[in-house]
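Here the structure is laid out as structure tokens; the discussion comes afterwards.
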Amino acid sequence: MTAPTPPPLDLAVVGLGAAGGSLAWRLAGTGVRFAVVEPPPSSARRTQLRTWCTWGASGPGPFGHLVAASWSQLRLVAADGSEVRRSLDPWRYRMLHSTDVEAAVRARLADAGVPVLTGVVEELTASGSGVAVRGEGVDLAARRVLDTRPVPVPRTGRTLLLQHFLGRRIRTRRPVFDAATVTLMDFRVPQPRGGVAFGYVLPTSPHEALVEYTEFSRDLLTDEGYDHAWRDYLQRSGVGEHEVLGEERGVIPMTDAEFPPHPVAGVVRFGAAAGAVRPSTGYAFSAVQRQSDAVAAALAAGREPVPPQVHGRRHLLMDSLVLEAVARSRLAGDELFVRLFRRNPVHRVLGFLDGTTGLADDLRLMASSPRGPMLRTVAGRYRRRSG
Ligand SMILES: Cc1cc2nc3c(=O)[nH]c(=O)nc-3n(C[C@H](O)[C@H](O)[C@H](O)COP(=O)(O)OP(=O)(O)OC[C@H]3O[C@@H](n4cnc5c(N)ncnc54)[C@H](O)[C@@H]3O)c2cc1C
């Protein structure tokens, strides 16, 4: 006699990164019958370690206790060396390590008896009233699947820039960092054509910081190119003798393309694979927290676990115009960011970049951005449409 087939799970969550982990944290212990699948550390499909930053009054989401460092002041440096410094009070800019988030989520799931399968999902197919989830080390059935695996970037948008960076954690000989201040953007570096470049500094003590050289542009650099640009930034920003403690690289697509839904009924894409990355910033962590809240609430109420629209239409339109204006070299990205922070309260700009501002604030932000380049971009679109 064969053993009876177990009833399908309510939900399978594919991937234990920012999106999968955030949702799994909220679902643990709620009575939803679910499992999570994440590749083994040796798998090429597994996402590399990441440093995630967010800002706001509290949080991010339920992970406030995992914040590894936070800053109460923010600094931008214009190309000419002049500075914009702002107090973030009562907000903070916060940093989390993906390793800490993953370990905490795994511990919570273990306590709640939720299985985390080590496997690589290769196939999601409709099966009966649910979905069959199969791959290396995985064979399960679930009524619904939330799929957070990375997808190829859609080429259907107007503009695609890449946010790419090399970050190195360093320890300096002299105390050169202000540990209360995050340098969000330091534009004292050569600017690429059709893009923008800056240094980004997350200090954890007067002697230690994660220092990144970041570009928003069409093309990646070579290894030597990143190394050269990183060293050049260090020299320009006056950081002297140092030792390198660690390194992090990344490429984040910044696009106004729509991310297509998964073709299989019962499978919903979630996270970066569903367009959670804000096109103008490359940030997604806090948007994913909002979406995870909504999906968990939907499941608790017996509704379909469909994440709500992640970014508002107005914000996406504004992002799309900025991306196009920068990519077509109509707008100098460094001037735009410095100007926005100079002419607006810091919470308005950060609120906009996080997707939480309303119409009144957005109109004020638009009024303080360089009008000529934006109007030329709108006019260019109109001409293309009517031509
Ligand atoms: C280097 C880097 C730094 C970033 N920093 C920030 C930041 O500071 N702030 C911010 O807001 N945003 C940041 N982002 C953007 C965004 O928040 C991150 O990309 C975030 O990790 C997206 O979450 P996700 O769950 O959609 O994808 P991921 O975190 O990549 O999670 C996808 C998961 O799926 C798993 N997986 C892959 N293939 C399979 C498979 N076949 N089967 C099963 N599982 C699979 C992966 O191992 C991974 O755990 C950063 C992005 C990058 C690339």
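Every number for a ligand or one of its atoms is a count from 1 in the order of the listing.
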- prompt: Do you see a donor-acceptor pair shorter than 3.5 Å between the side chains of T159 and E324?
  reply: no
message: Need the ligand 1 atom indices (1-based, order shown) with element for anything under 4.0 Å from a heavy-atom of G15.
response: 33 (C), 34 (O), 35 (C), 44 (N)
task: Grab the two heavy atoms, one from L161 and one from A327, that are nearest each other, plus how far apart they are.
output: CD2-CB, 4.1 Å
- prompt: How far is atom 3 (C) of ligand 1 from its nearest protein heavy atom, and which residue and atom name does that atom have?
  reply: F165 CZ, 3.8 Å
field: Residue F285 vicinity, atoms of ligand 1 by number, heavy atom under 4.0 Å
entry: 10 (C), 11 (O), 12 (N), 17 (O)
- prompt: What is the distance from atom CD of E335 to atom CZ of F187, rounded to the nearest 0.5 Å?
  reply: 10.0 Å
message: I'd like to check which ligand 1 atoms, numbered from 1 as shown, lie under 4.0 Å from a non-hydrogen atom of G282.
response: 12 (N), 13 (C), 14 (N), 15 (C)
task: Give the residue and atom name of whichever protein heavy atom lies nearest to atom 41 (N) of ligand 1, and the separation in Å to one decimal.
output: V121 O, 3.0 Å
field: Short N or O distance, G17 and ligand 1, threshold 3.5 Å exclusive
entry: yes
query: Nearest protein heavy-atom contact for atom 18 (C) of ligand 1: which residue, which atom, what distance?
result: R50 NH1, 3.5 Å
- prompt: Of H347, H315, R364, which meets side-chain hydrogen bond (donor to acceptor under 3.5 Å, both in side chains) against T357?
  reply: H315
- prompt: Does atom CZ of R85 have more than 12 heavy-atom neighbours from other groups under 6.0 Å away?
  reply: yes
query: Touching ligand 1 at all, P150? Heavy atoms, strictly under 4.0 Å?
result: yes
query: Has ligand 1 got any nitrogen or oxygen that is less than 3.5 angstrom from a nitrogen or oxygen of W52?
result: yes
query: How does R45 reach ligand 1, if at all, at less than 4.0 Å between non-hydrogen atoms: by side chain, backbone, both, or neither?
result: both
R169 vs T51, side-chain hydrogen bond (donor to acceptor under 3.5 Å, both in side chains): CA-CA, chis, key distance, verdict: CA-CA 11 Å; R169 218 155 42 77; T51 302; over 6 Å; no
message: Return the closest protein heavy atom for atom 44 (N) of ligand 1 as residue, atom name and distance.
response: P39 CD, 3.1 Å
- request: Kindly give the heavy-atom pair with the smallest separation between D334 and A79, and that separation in Å.
  value: OD2-CB, 3.9 Å
message: When you measure from the side chain of R339 to the backbone of S368, do you find a donor-acceptor pair of N or O atoms at a distance under 3.5 Å?
response: yes
statement: Residue, atom and distance of the protein heavy atom nearest atom 26 (O) of ligand 1 read A272 N, 2.7 Å
task: Would you please say whether a donor-acceptor pair under 3.5 Å links the side chains of R94 and T54?
output: no
- prompt: Got the closest protein heavy atom to atom 40 (C) of ligand 1, with its distance?
  reply: R149 CD, 3.4 Å
query: Does the N or O separation between A284 and ligand 1 drop below 3.5 Å for any pair?
result: yes
message: Can a side-chain donor-acceptor contact be found between T377 and R158 if the only test is distance below 3.5 angstrom?
response: no
- prompt: Are any of the N or O atoms of A273 closer than 3.5 Å to those of ligand 1?
  reply: no
statement: Smallest heavy-atom separation, R290 atom then D354 atom, equals NH2-O, 2.8 Å
message: Quick one: does any side-chain atom of R149 pair with a main-chain N or O of V121 as donor and acceptor, under 3.5 Å?
response: yes
query: Do G250 and ligand 1 have an N or O pair less than 3.5 Å apart?
result: no
message: Does any N or O of ligand 1 fall below 3.5 Å from an N or O anywhere on E38, backbone included?
response: yes
statement: Within 4.0 Å of some non-hydrogen atom of G271, the atoms of ligand 1 are 26 (O)
query: Should one rank L23, V151, I252, T281 by closest heavy-atom distance to atom 51 (C) of ligand 1, which comes out on top?
result: I252
- line: Note: ligand 1 atoms sitting under 4.0 Å from heavy atoms of V120 are 41 (N), 42 (N)
4.0 Å heavy-atom contact, T54 with ligand 1: no
task: Return the minimal non-hydrogen interatomic distance between M374 and S369, and the atom names on each side.
output: CG-OG, 4.3 Å
query: Looking only at protein heavy atoms, which one is nearest to atom 29 (O) of ligand 1, and how far off is it?
result: A18 N, 3.2 Å
- prompt: If hydrogens are left out, which of C53, G20, A19, A274 has an atom nearest to atom 9 (N) of ligand 1, that is, the closest non-hydrogen atom?
  reply: C53
message: Is T51 close enough to touch ligand 1? Criterion: a residue heavy atom under 4.0 Å from a ligand atom.
response: yes
- request: May I ask whether V295 and V133 are part of the same hydrophobic cluster, defined by side-chain heavy atoms of I, L, V, M, F, W, Y residues being less than 4.5 angstrom apart, directly or through others?
  value: no
field: V14-ligand 1 polar pair, N/O distance under 3.5 Å
entry: no
statement: Among T47, D147, T148, V277, closest by heavy atom to atom 30 (O) of ligand 1 is T47
field: side-chain contact (heavy atoms from CB on, under 4.5 Å) evaluation trace for V201 with D186
entry: CA-CA 9 Å; V201 185; D186 182 342; 5.9 Å; no
